[in-house]
Amino acid sequence: MATSNPGKIREIEEALGGLNWTLQALGSVPLPPETGATYEDNAALKACSAAIATNLPALADDSGLEVEALGGEPGVYSARYGNLNTDLERNVLVLDKLRRQANRRAKFVSVVILAYPDGHLETYRGELNGTLLEGPRGENGFGYDPLFVPDGDTRTLAEMTVAEKRAISHRGRALAALMDAHRDGRPARQTITIE
Ligand code: IMP
């Protein structure tokens, strides 16, 4: 798993439990800076660099929150919004920017890429629509979860269990598509080294 985000690791491990794969965290293998302009570019950067460094298939998630009233911000910059260091500070920034804003629609986007050491890529995408509260609620999850109430529910993502969040979330949907592609028990595509 080409990520150092414990929240993502927890969700990926829970979602892919049904596949007979051995999942390994990246450990000390460094990830490249996220210099891409899209989720796809950044997920490919992370997954390819980990696949090359480890010579194993590597799975990366690049994701973000897109707030309608902020023209889609923070989007691909969600992890470093406002150059702030903590989830709490970034949540406060979003709430500040939305103060007195009636339109609180937002969506989460996740692009999951499975990269193989020979350069082959599989890409999966998931989205989740919802609204942002005026203050945080819930202790679970990570990132902007305490602010986000998905359509069709009254709880925030931070008030759900990992399994409840996975069943509806952007990342859960992208990972379900990956599961479907490998459902017949096929292992991840074999690695072929091209000289
Ligand atoms: P990146 O994919 O490493 O660039 O980081 C994505 C950022 O988007 C995270 O650090 C969170 O701030 C936010 N984000 C992505 N997915 C979620 C989620 O499922 N819940 C809450 N915040 C998320």
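Please read these numbers as outputs of a predicted model, since none were measured by experiment. Every number for a ligand or one of its atoms is a count from 1 in the order of the listing.
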message = Under 3.5 Å between any N/O of Arg90 and any N/O of ligand 1: does that happen in this structure?
response = no
Sub-3.5 Å N/O-N/O distance, Glu11 and ligand 1 = no
request  = Heavy-atom contacts with Asp61 under 4.0 Å: which atoms of ligand 1 show up? List them by number with element.
outcome  = 2 (O)
key: atom 12 (O) of ligand 1 [closest protein heavy-atom partner, distance rounded to 0.1 Å]   = Tyr144 CE1, 3.1 Å
ask   = Taking the six-membered ring for Trp, are Phe108 and Phe148 parallel (under 30°), tilted (30 to 60°) or perpendicular (over 60°)?
value = tilted
message = Between the side chains of Asp62 and Lys8, is the shortest nitrogen-to-carboxylate-oxygen separation below 4.0 Å, so that they form an ion pair?
response = no
inquiry  = Has Arg173 got a side-chain atom pairing as donor or acceptor with Glu127's backbone, closer than 3.5 angstrom?
reply    = yes
query = What protein heavy atom sits nearest atom 8 (O) of ligand 1, and how far away is it?
reply = Ser78 CB, 3.2 Å
message = Among all protein heavy atoms in this structure, tell me which lies nearest to atom 4 (O) of ligand 1, with the distance rounded to 0.1 Å.
response = Glu34 OE1, 2.8 Å
message = Can you confirm whether Met1 sits close enough to Glu13 that some side-chain heavy atom of one is under 4.5 Å from a side-chain heavy atom of the other?
response = yes
task = Do me a favour and list the nearest non-hydrogen protein atom to atom 16 (N) of ligand 1 with residue, atom name and distance?
result = Arg171 NH2, 2.8 Å
key: Shortest reach to atom 17 (C) of ligand 1 by a heavy atom, considering only His170, Lys8, Lys165   = His170
query = Would you say the side chain of Ser169 lies within less than 4.5 Å of the side chain of Met160, judging by non-hydrogen atoms?
reply = no
message = Are there over 12 heavy-atom neighbours, none belonging to Asp96, within less than 6.0 Å of that residue's CG?
response = yes
request  = Give a yes or no on whether the backbone of Gly141 and the side-chain of Lys165 come within a donor-acceptor separation of less than 3.5 Å.
outcome  = no
key: Atom indices of ligand 1, in the order listed, that fall short of 4.0 Å to a heavy atom of Asp145   = 18 (C), 19 (O), 20 (N), 21 (C)
request  = Taking the side chain as every heavy atom from C-beta outward, state whether Leu157 and Leu128 have any atom pair closer than 4.5 Å.
outcome  = yes
Part of Lys46 within contact of ligand 1 (heavy atoms, under 4.0 Å) = side chain
ask   = Of the protein's non-hydrogen atoms, which lies at the shortest distance from atom 6 (C) of ligand 1, and what is that distance?
value = Ser63 O, 3.1 Å
remark   = Judged by heavy atoms only, the candidate from Phe108, Tyr77, Tyr39 nearest atom 23 (C) of ligand 1 is Phe108
ask   = Under 3.5 Å, side chain of Arg125 to main-chain N/O of Glu40, donor-acceptor pair present?
value = no
Nearest-contact summary for atom 5 (O) of ligand 1 - protein heavy atom, Å = Ala79 CB, 3.4 Å
inquiry  = For the backbone of Leu132 and the side chain of Arg104, can you confirm whether one donor and one acceptor N or O come within less than 3.5 Å of each other?
reply    = yes
Ligand-side contact atoms (ligand 1) for residue partner Asp62, heavy atom cut-off under 4.0 Å = 1 (P), 2 (O), 4 (O)
task = Would you check the N or O atoms of Asn5, main chain and side chain alike, for any that come under 3.5 Å of an N or O of ligand 1?
result = no
query = Do Tyr77 and Glu34 have a side chain donor and acceptor closer than 3.5 Å?
reply = no
key: Close approach of Gly64 to ligand 1, heavy atoms, under 4.0 angstrom   = yes
query = By number and element, which atoms of ligand 1 are closer than 4.0 Å to a non-hydrogen atom of Gly143?
reply = 21 (C), 22 (N)
